[in-house]
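Below, read A as the first sequence line, B as the second, and so on, with proteins coming before strands; counting in each chain starts at 1. For the numbers below, each heavy atom of this structure counts, side chains included, while hydrogens, waters and symmetry mates do not.
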Amino acid sequence: MLQQTRVEAVIPFYLAFLARFPDAASLAAAPEAEVLAAWAGLGYYSRARNLRRAAEILATVAPAGYEEILCLPGVGPYTAAALASIALGQPWAAVDGNVLRVVSRLTNDPSEIGSGATKRRFTETAQGLLSPSRPGDFNQAMMELGATVCLPTNPRCLLCPVAQFCAARQAGTQAQLPVKLGKPAARRLELHLLRCSVGSSTYLVKRSGEESRLADFWELPQKPAEPPFEVQLECTFSHQIVNDRFQVHVWGATLPVRPDLPGGGNWFEPDARKEIPVTTITRKALTRRNLNKSVQTPC
DNA sequence: AATACGGGGTA
DNA sequence: TACCCAGTATT
C-alpha cells in the first residue's frame, strides 16, 4: 500500500484491509473482486492483485530472505529490502524516493536522480551507511528523515540531526538537490489527425507516415464520395507537451484535391497556416485511449 | 531507458 | 499548475 502512496493516505485503508483480511490465508482465499473493493480509492490497483497473488504463495511458504521476498509479485527492490530488514532484521538498505533525496544531499551528488546508474550508486551508499545491528530502524529513520526534514523543497536543515554530516549543507547546495533532468521545454509532435468536410459530410483525415514516400500528403481513412469532389479542410491540429500540459494548436487550412496521385484521388497536399488559438488539455484527460475523440473537440 | 499505473496533498 | 508520494511491471 505504501508504494508511491503517502503514509497518512494509507493508514485508514490499511486498518480496514487488515480487519477484513487478517492473514495471508484469508487474503488468498478471497475473490479478487472483493480484494479490489477493499482497495478502492487507493489507486494502483495492480498492487491489490499482486498482493493477493503473493498471499497465495505466503499461505504456503515463508520466504527466508531478500532474494526470495523479491520473487513475490508486486515486490521490487525497495519492498524486498524493507521487508527483509524490518520483518527479518536482515541488513538490506531500503531505498525509496526519500532515501534517494537524502543520499543525494548527504553526498552533495548532482547526478541525475532518475537514472538507473544513479539509483544503483545511491543504493550502495545507503547500504554502506546501514546499521547492521538495526537495519529496520535505520531504514525507517532514513525514510522518515526524508519525509519530515529533508524535504524536496526547503529542507529544514536547522532541525536535521545529521546536518553536520551533510555535504550539501556544508556546500550550501541542499536546495538544488536532488538534480532532476528537466524534460525538454517543449516536445513537439505531429498529431496525424484532422477533420475535413466533403459537401455536407465530415471525415477524419490522417497524415501518412514519415517513412512513406507520401509522407507529405494527407489521407482519407474512408473513401469519401466518388471523385471528382472538393475537399475543404476546416482545421488541422498539432500538439506539444510542455511539462505536464498537452497543448493543441488549431489552424485553418484549405487543401486542393490531387486525383492524379496514388490512392484513387484520396490524396492532397497540405496547405495550412495561420495559427489561431491554443487549447490546453491536461495530460491526464488525454491518454492514448481517448486521444481520438478528444482531439476532435477543439474543432 | 521510457511509460503506465491513481489518487491526493502541497508550494 | 507542477511536482511528489515509504515503486513495480512492462515494453
message: From OH of A:Tyr44 over to P of C:dA6, roughly how many Å is that when rounded to an integer?
response: 13 Å

message: Between the base of C:dG7 and the side chain of A:Thr5, is there a donor and acceptor pair under 3.5 angstrom?
response: no

query: Can you tell me how far P of C:dA6 sits from CG of A:Asn139, to the nearest Å?
result: 15 Å

message: Work out how far the P atom of C:dA6 is from that of B:dT3, and round it to whole angstrom.
response: 24 Å

- prompt: So which nucleotide from C:dG7, C:dA9, B:dG6 ends up closest to the side chain of A:Asn50?
  reply: C:dA9

message: Please determine whether a side-chain nitrogen or oxygen atom of A:Lys180 lies at a distance below 4.0 Å from atom OP1 or OP2 of C:dC4.
response: yes

message: Please report the distance, rounded to the nearest Å, between CG in A:Leu70 and C1' in C:dT8.
response: 11 Å

Any residue meeting side-chain contact (heavy atoms from CB on, under 4.5 Å) with A:Thr125, in chain and number order, not counting sequence neighbours: A:Val103, A:Thr107, A:Leu129

Identify all side-chain donor-acceptor contacts of residues 161-177 of chain A below 3.5 Å with residues at least two apart in sequence or on another chain.
unit_1, atom_1, unit_2, atom_2, d
A:Thr173, OG1, A:Asn108, OD1, 2.5

message: Could you tell me how far apart A:Arg49 (CZ) and C:dT10 (C1') are, to the nearest whole angstrom?
response: 14 Å

- request: State whether the side chain of A:Thr5 and the backbone N or O of A:Leu2 hold a donor-acceptor pair below 3.5 Å, judged by distance alone.
  value: no

- request: Run the ring-centre check on A:Phe13 versus A:Trp39 and record whether the distance is less than 6.0 Å.
  value: no

message: For a quick check of understanding: with a heavy-atom distance under 4.0 Å over all strands, which category does A:Gln140 fall into, base, sugar-phosphate or nothing?
response: base

message: Using atom P in both nucleotides, what's the gap between B:dG6 and C:dT11 to the nearest angstrom?
response: 15 Å

Under-3.5 Å N/O pairs linking protein and nucleotides 9-11 of chain B:
none

query: Rounded to the nearest Å, what distance is computed from the CE atom of residue A:Met1 to the P atom of nucleotide B:dG7?
result: 15 Å

message: Considering every strand and a 4.0 Å limit on heavy-atom distances, what is the contact class for A:Gly146: base, sugar-phosphate, or nothing?
response: nothing

message: Which is more 5' along DNA chain C, the nucleotide nearest A:Leu2 or the one nearest A:Val75? Just name the residue.
response: A:Leu2

- prompt: Which ILVMFWY residues can you reach from A:Leu70 by hopping between side chains whose heavy atoms are under 4.5 Å apart?
  reply: A:Tyr66, A:Trp92

query: Should A:Tyr45 be listed as having a side-chain N or O under 4.0 Å from OP1 or OP2 of B:dG7?
result: yes

query: Rounded to the nearest Å, what distance is computed from the CG atom of residue A:Leu51 to the C1' atom of nucleotide C:dT8?
result: 13 Å

Protein-nucleotide distance (A:Ile113, atom CD1; B:dA1, atom C1'), rounded to Å: 16 Å

message: Output the rounded distance in Å from CZ (A:Arg53) to P (C:dA9).
response: 9 Å

message: With a cut-off of less than 4.0 Å, is there a side-chain N or O of A:Thr79 near OP1 or OP2 of C:dT8?
response: yes

query: How is A:Gly41 classified with respect to the nucleic acid when contacts are heavy atoms under 4.0 Å: base, sugar-phosphate, or nothing?
result: sugar-phosphate

field: Any A:Gln3 side-chain nitrogen or oxygen under 4.0 Å from OP1 or OP2 of C:dG7
entry: no

Quiz: residues 74-85 of chain A side-chain donor-acceptor pairs under 3.5 angstrom, not counting sequence neighbours:
unit_1, atom_1, unit_2, atom_2, d
A:Thr79, OG1, A:Gln3, NE2, 2.9
A:Ser85, OG, A:Ala81, O, 2.9
A:Ser85, OG, A:Ala82, O, 3.1
A:Ser85, OG, A:Asn139, ND2, 2.9

- request: Using a strict 4.0 Å threshold on nitrogen-to-oxygen distance, state whether A:Glu124 and A:Arg120 make a salt bridge.
  value: no

- request: Please tell me which of the listed nucleotides, B:dG6, C:dC4, C:dT8, lies nearest to the side chain of A:Pro152?
  value: C:dC4

- prompt: In chain order, what residues pass the ring pair (Phe, Tyr, Trp, His ring centres under 6.0 Å) check against A:Tyr44, with sequence neighbours excluded?
  reply: none

